[in-house]
Every structure is written in C-alpha cells, then in structure tokens.
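A note on names: the letters A, B, ... follow the listed sequences, proteins ahead of strands, and every chain is numbered from 1. Keep in mind it's a predicted model, so treat the numbers as computed, not measured.
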Amino acid sequence: MIEIIFESIPSFWPEITLSLTFVISMIVEFIVGGKGKKSTGMTTGLIVLLGFTVTILQMPFQDLEPRLLFGTMITLDPFAAFFKYLIVAAGIIVIVFSMQSHEVRRQETVGEFFCFIAAMTFGMFLMAGASNLLMIYLSIELVSLSSYILAGFSKKLKRSGEAALKYVLFGGAASGVMLYGMSLLYGLTGALDIYSIQSTLAAGMVVDVHDWSFVVLMLSIIMILVGFGYKISAVPFHFWTPDVYEGAPVSVTAYLSVASKAAGFAVMVRFFYVAFFDSVLDLGKWGSLPLVDWNMIIALLSVLTMTLGNVVAIWQDNLKRMLAYSSIAHAGYIMMGLVVMSDLGLTAMLAYFVIYFFMNLGAFYIVMSVADRIGSEHIDDYRGLGKRAPVIGVGFSIFLVSLTGLPPLAGFIGKWMLFSAVIEAHYIWLAVIGVLNSAISLYYYARVFRNMYLREPLNGDESPITFSPLVIVITILFIIPNIIFGVYFGPLISYAQRSVELFLQ
Amino acid sequence: MSSELIVFLILAAVGVLSGILMITRPNPVNSALFLILNFMALAGLYITLHAQFVAIIQILVYAGAIMVLVLFVIMLLNLEDEEPLREQMSKRHYGSLLVALLALVLIVQVIGWNSGGTLETMREQSPHALRIGTVEHIGSVLFTEHVYPFELTSILLLAAIVGAIVMAKKRFP
C-alpha cells in the first residue's frame, strides 16, 4: 500500500503545493497578523498568490496520461487538468481583485480571507479529480465550508451575515441529502469508487428493474443530484444563490460563480459519465439506468434553470443580484452540454467555461471597482457612467454583450457550440428555448447599457469618475480575450477537444 | 428464543421508547436526556452486531461530547418550555408525513430484501467478516486504503476550526 502512496506523490505536486499554501499562510498569519498593522493581511495574500503561481507553473510539467492516484481516490486525466487550470487561474485573479477591494481590505481578518481562498482552491482541485464517493463528499465539503466563511466575511454588514447563514443551512441540508444518497448507492453496490460502481451496475447483478432495488438506485441518484445541483446552483436547488452572491464580497461572488461552479460541473460530469454510462454501448445514453430517460430529466432541469434565472433577473435593480440570476441562467446553458454527454457536448461545455470565465469575472470586476468608487451597486447609480468613465463603460458593455451571446464577441461562440451540440443530438426544442432565453437576457443586460449611456445621472453630476490606472489595465486585459475568442476561437476549441478525455476503466 | 434475541428485543424496545419520549417531552432538557438513552441503546445494538468500535465512538462522541454541548446550549438559551413545541397540523406537515412514510416503506423493503444473511450465516460463511468492527481492522483500513481521505479530513477540520473562530470572534486584538 505504501508503494501506491509513494507512486502517487509525483503526480500530486500541485495539490500538495496548494495544501502547503493553505497551512503556511495560516501559520504566517498567526505569527505576523493580529497586531493592528494594515499590511499583515496583504503579506498573507502575497504568500497565497505565490503558492498559486507555483501551482500553475508546476501543472504543465505533469504527465497527463490518465491514471488513478492513491488507490482509486483521485483520477488524473486531461479533463481534470483542464478544470484545475481554470480554477487556479480564477484563484489568482480573485486574489488580485480582493487586494484592491475596499470591502475586503476594511476587514480585520483580511489574512484569514486569503487563507480560505487557498483552502477553497485546494478543495476544488480535489473535486476536479475525485473518483471515490468519500473524496467527492470530503472535497465538496471543504469547498463549501470555506465558502460559507468567505460569504459572511463582511461581518458588519447585515446582508453578509444573512448570506452566510442561508448558505450554511442550504449547504448543510443539501450535503446531508447527498450523503444519504451516497450511502444508499454504497449499500447497493458495495463499492465506494465510481469505477467499481460502474462495473457492478453494468454487470446487472445488484439492480433488478422489477425489484425495490431499482427504486433505491433511482432515489440514491436523485439524492446525489441534489448535492451537485446545489453546488452548480441549478433550479430547484438555487435558492441560496441570489442572497449569497449579493451578501458576499464581490471578489468572493466572482470566485463562487466561476470556479466553484466549474468544480461542481467537473465532479458531476465525472460521476455520471463514469458511473452510469455504458461505455461499450452508445455513448450519450445513460446505459446503466434503464427505464428512466435521464437525458430528458437533465434537459428539463436545464430549461428550468435558464428560464428562471433569466426571467427573475429582469426585475433586479442590484447589479450583483442581477449577475447572480444571470449566473444561474448560465448554469442552465452549460447543463445543455450535460444533456448530450457526447464528446461534442462536453467539448462545448469546456469551451463555454473558458469564455464564461473571462466575461463573468470581467463583469464582476467592474461591479466591484464601481462599488468601491461610488459606493453603490444599484442600477440607478450607473446612470451616465458611460460618459463619466468611458473605459469602464465600454468594458462593462462588452462583458454584458458577451454574456448575452451576441456576435462578434466570445459569448456567441460559446452559445453557438452548445446549441449546435444539442441540435446534433436532435434536441431542437432545447436549442430553441436556449435562443429564446438569450433574447430575454438581452433585455435586462440592455437596461444597464441604457442607464450607462442614454440616461442622465441621478443628481445631474456629470463630472468624470477617475479610476486608478491598474483598474483600467485589468479591465482592458479582460476585454481582450472577450474579443479575441469571438473571432479566433480555433485554439480554444481544439484545446477543449483534447481535454475531453476522461479516465475510464 | 436465543439470548441474543432477548438482548436485541430489550435494546430495541429501549431505543424506540426513548426515541418516542424524546420527541414528545415538552421540556427540552428531558428530551436531551432521552436522546442520550437512545444513543446508549443504539450503542448496545452495535455491540450485538460486532461493531465494537462504532459502539464505543457512539458513547464517547455522541452520548458524551455532543450531548454535553446540546445540554449547554439548551440551558444557555433558557427556553420557555411547552409553548413553541406544540404545533398544529398544517398543510406543510402532510408533505413531511408523506416523505416519512416513503422512507419507512423503503427501509422496510430494503431490510426485507436483504434478509438472506443473518448473523449466524455470516458467522459460518466468513469468520473474517466478524473482525470488521474491531479497532485493529478499522485502524489498518484507515491508514492504508483510506489514508488520503483521512488526511483530507484533518485539513477540513482545520479550516472549520479557524473559520468558526473567524466568524464568532467579535474583535481581534
């Protein structure tokens, strides 16, 4: 057994680095922090940033030959590596955001803030590779625990406390249900790792369609789906999302909406793809689960998620809350790739994640910078912003147009790939609903443009708002990929295609 | 009637009775004490199932540490008894009742469907299976096969402890 552990360690350096980052940053914060010095929190932040940089630099040297680590606990394959890049890149960006954010820097516990970002990133790395029910549960729990604390970080704000409490209650209930489902699945198959579960189910020995065991299997899958659905904030498990996204500091919201969602999708795809797909038969059908049309169930969830997200977003006046509903809607779009589960659908999903990364982080960055400057996230306070701060106005418009999915920006390519994957699998009605939803989303995004460009400022104040050069530079850095991936998307798609390689036994 | 069955019946009766008493007592302190009794009965059941380690942990962690915390919280909150504990049946409760019934049906079916293996047949077929509940066996599995989840749990707990302090502490020196 000890040999397996020693063999696994060389493939495990990024995760080891991240866990060391978490522990070291905590020790450093313990030693130098807490003396009322403003700079101490930033020291911890820099250590975490360094840890993340080392992690991302190690990853290209990893041998991505698909294999299992620590027995069957963790899988390393191009699919996991793709999500790890996305997660750690988002982590670096979020730390840079947080170092500028007044909301974060005001806190007494800035240092711990960065420690928890490290813990959360570590948890999401494990989620991307987890191939054992135990690991799936523990990694989701590590991410959830860290995000509860980060969501309630602005302790003096009432809405932040509300966010943390709602998050804890929803998260606790969802992970309890998921754990129950996992225990049922373990009881049925006698295996914890998803590969043995797959082979046991495929052998057809334990589950009989005419038996209660089939009902138990269905129930366990639905219960596990509750836990995943909560993590990716799919309807009807989304109720925590708007409050948490509104109450948490903006940089945390950005991290939750991009990285946490990506990790949730990664673990969900791996679990369902490996455990319930009959790889010998037709890919794209849930082979091990007869009788129930799971593609249809996921399709319905996807339609519900995107429609609810888009429709409710129309009435939101707080931009953070609006972006929260918009991110629910985007989870719905991404689930369209899960409906198909073919290589095409998964490629579209991965490509969409990269694009979503740039447009959503950009949009949240603008909301954060503007909130730091004028102290408001209300849509009325954005009146005249296009004239008062041209770069910010243009940047925000580009991110929102990209989120809508209009050409020639990157968001269009993402949506186009998802829709074409769905049409390929003959779910034309689903694509139609997706397009209709994009039209709805244009309405509420356009409200922001209208306020920024066509309406006079609230109290007639037309003086320009100056932002620091750093903010301008970061905004431009986010604009560039949104434009480039809109017109030159070949490398992105081929990278996504190469990453759709899951370890199967 | 074997002695094993008699022990089981006594423990099961104590478990069910204390469970019912726990949810019907108006005084929360009484409820908590009945919950301890329930934990004790469960621990006894675990021993009859050859799961000694789980039984000891049940007493140490649940009946000991966690129940002390629960009693502390109840006493600190100084609850006014009776009032909030009496609720009317509302529409929402029918839903809960339905879910509870469904769970009951499932439990009954799963137990009935697994009835092939009794403890005696298990003893005859695989004497090895009896060692599963021992501390040695759990320890060796924990530190070989499941060593990584075990280590991850420690990171999870570290994050949870620090997080609890960050959230609960009012002012940092």
[X] side chain near [Y] side chain, heavy-atom distance below 4.5 Å:
{"X": "B/H146", "Y": "A/L192", "value": "yes"}
{"X": "B/L152", "Y": "A/F122", "value": "yes"}
{"X": "B/L158", "Y": "A/M26", "value": "yes"}
{"X": "A/L126", "Y": "B/Y148", "value": "yes"}
{"X": "A/S19", "Y": "B/I155", "value": "yes"}

task = Quick one: pull up OG1 in B/T153 and CG in A/L142 and give me the separation to the nearest 0.5 Å.
result = 10.0 Å
Is [X] in contact with chain B via its backbone, its side chain, both, or neither, using a 4.5 Å heavy-atom distance?
{"X": "A/L219", "value": "side chain"}
{"X": "A/L69", "value": "neither"}
{"X": "A/L145", "value": "side chain"}

Candidate pair A/F113 and B/V166, rule side-chain contact (heavy atoms from CB on, under 4.5 Å), full reasoning = CA-CA 9 Å; A/F113 180 91; B/V166 168; over 6 Å; no
query = Considering all heavy atoms of both residues, which atom of A/L138 and which atom of B/P149 are nearest to each other, and what is their separation?
reply = CD1-O, 3.5 Å
task = Looking only at non-hydrogen atoms, find the nearest pair between B/M167 and A/G152 and report the distance.
result = CE-O, 3.3 Å
